[in-house]
2 protein chains.
Amino acid sequence: MTSGMRPVPEDHMAPIGFGDHDHDTCVENALTSAEQLCRENGLRLTPVRRKVLEMLLQEHRALGAYAILDRLREEGFGSQPPVAYRALDFLVRNGFVHKIERLNAFVACSHPGATHSPAFMICRKCDAVAEAQASTAKGSLGAAARAAGFEIERTVVEAEGLCPDCTKKARK
Amino acid sequence: MTSGMRPVPEDHMAPIGFGDHDHDTCVENALTSAEQLCRENGLRLTPVRRKVLEMLLQEHRALGAYAILDRLREEGFGSQPPVAYRALDFLVRNGFVHKIERLNAFVACSHPGATHSPAFMICRKCDAVAEAQASTAKGSLGAAARAAGFEIERTVVEAEGLCPDCTKKARK
DNA sequence: CTTGTCATGTTATTCCATATCATATATCCG
DNA sequence: CGGATATATGATATGGAATAACATGACAAG
């Protein structure tokens, strides 16, 4: 995704929360749009890469590299770590997937194709992950960085806590 | 640090950047104040824990658990992973040390004793780490979280980029 | 003294990640 | 077309991060 970036339409930004939605359609759409994005940008969404993206879209949770690897093996792909890591590297580099540093794990991006610095809400109970925009960090951290002479290139913002579902369950 | 928390005086907040400073004194002071904080709060800053804290204070960089472990071995402490991880756990739990998720590594806190949600600036070239305040994330992320019904308990904010020194060197 | 708690030691295992070398498959260009 | 170049996969090995599980020691409270 070195070129062809464009802001994503608002209506695609909406369903990034913990709410219910038509998951099959959601996965379908995401895969189709990923294919198109790759075509437009001369990227190769090879079978392994597509499979890994599909797996991550199926979950709305972070998957570890070895969980991914296990499933790849079941599907008849190579089963050595580099297979998963290379696919993940491609998907992360091109904005289809994000790494959750807190968990050393990966989630599908909620609105690929958009230039964005994501922020994540991670449920410590069920590992669900929701993506939001993190224009925020530019604010006071940006000021601190300017003051210190530090050049920010990338920012990781990850909030840990309880998702709506688990909050409800906890109250019972 | 379950009690006895108090805002840290402004003059202690200042030297959190990348600038030069009298390092020996800085380490000394930090250790002394850690000891006092522990005494006040009924915490035991045992030899291993003290040593680990001292090591982290010596560097102004993140150290991996195994780097720490190596040095512990040299100093005659136990050399199995749990030794380091337990000491680190204590230091993190009580606010003397922070974990840098991006690096799977640890840094000494710049102003322990203060209730704070830290933000970090991490140099991708030399691994130097500076700590700043992250009141920021409460802003737009907080709004997103409220909208989604997500209860934030902790926030990780880590900016990656080039520190002043490495920026200068890069320009040459 | 014994019971409980906290800290440490030790062994083993699991998970995360990458270096390296070999092989295959596109893609570009003469 | 055919060869050069870049990109993708396969496979082996290894290193680093993290924790589970079990045993021992130190010490304070009852």
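Proteins get letters first, then strands, A, B, ... in listed order; numbering begins at 1 in each.
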Given the options B/V107, B/V156, B/V129, B/H98 meets side chain to side chain contact (heavy atoms under 4.5 Å, CB included) only with B/V107

* Going by an N to O cut-off under 4.0 Å, is there a salt bridge joining A/R71 and A/E74? -> no

Assess whether a salt bridge exists between A/R154 and B/E160, defined as any Lys/Arg side-chain N lying under 4.0 Å from an Asp/Glu carboxylate O. yes

- [ ] Decide whether B/H111 and B/Q133 meet the rule of one side-chain donor and one side-chain acceptor closer than 3.5 Å.
- [x] yes

In whole angstroms, the gap separating P of C/dT8 from CZ of B/R50 amounts to 14 Å

When rounded to whole Å, the CG to P distance for the pair B/L103 and D/dA18 reads 11 Å

Taken to the nearest whole Å, CZ/A/R86 to C1'/D/dG10 is 7 Å

Under 4.0 angstrom, heavy atoms only, what part of the nucleic acid is B/R49 near: base, sugar-phosphate, or nothing? sugar-phosphate

To the nearest angstrom, the NZ-C1' distance between B/K51 and C/dA7 comes to 19 Å

Here the distance between atom P of C/dA7 and atom CG of B/L91, to the nearest Å, is 12 Å

Regarding the side chain of A/V48, the nearest nucleotide among D/dT9, C/dA17, D/dA11 is D/dT9

Taking D/dA11, C/dT10, D/dT12 as options, the one with an atom nearest any side-chain atom of A/Q80 is D/dT12

| query | Has the side chain of B/Y85 got a donor or acceptor atom sitting under 3.5 Å from an opposite partner on the base of D/dA20? | reply | no

Here the distance between atom P of C/dA7 and atom CZ of B/F77, to the nearest Å, is 15 Å

note: A/L88, atom CG; C/dA17, atom P; distance rounded to Å ~ 9 Å

Worksheet item: Is there a side-chain polar atom (N or O) of A/N104 under 4.0 Å from OP1 or OP2 of D/dA17?
Response: no

By the 4.0 Å heavy-atom rule, please label B/R44 as base, sugar-phosphate, or nothing. sugar-phosphate

Heavy-atom nearest nucleotide on DNA chain C taken for B/G78 and for A/A105; more 5' hit belongs to B/G78

Checklist entry - Taking 4.0 angstrom as the limit, do A/E35 and A/R50 come out as a salt bridge? => result yes

The residue, A/Y66 or A/S79, whose nearest nucleotide of DNA chain D is more 5′ is A/S79

Atom CZ of B/R93 and atom C1' of C/dC6 are separated, to the nearest Å, by 11 Å

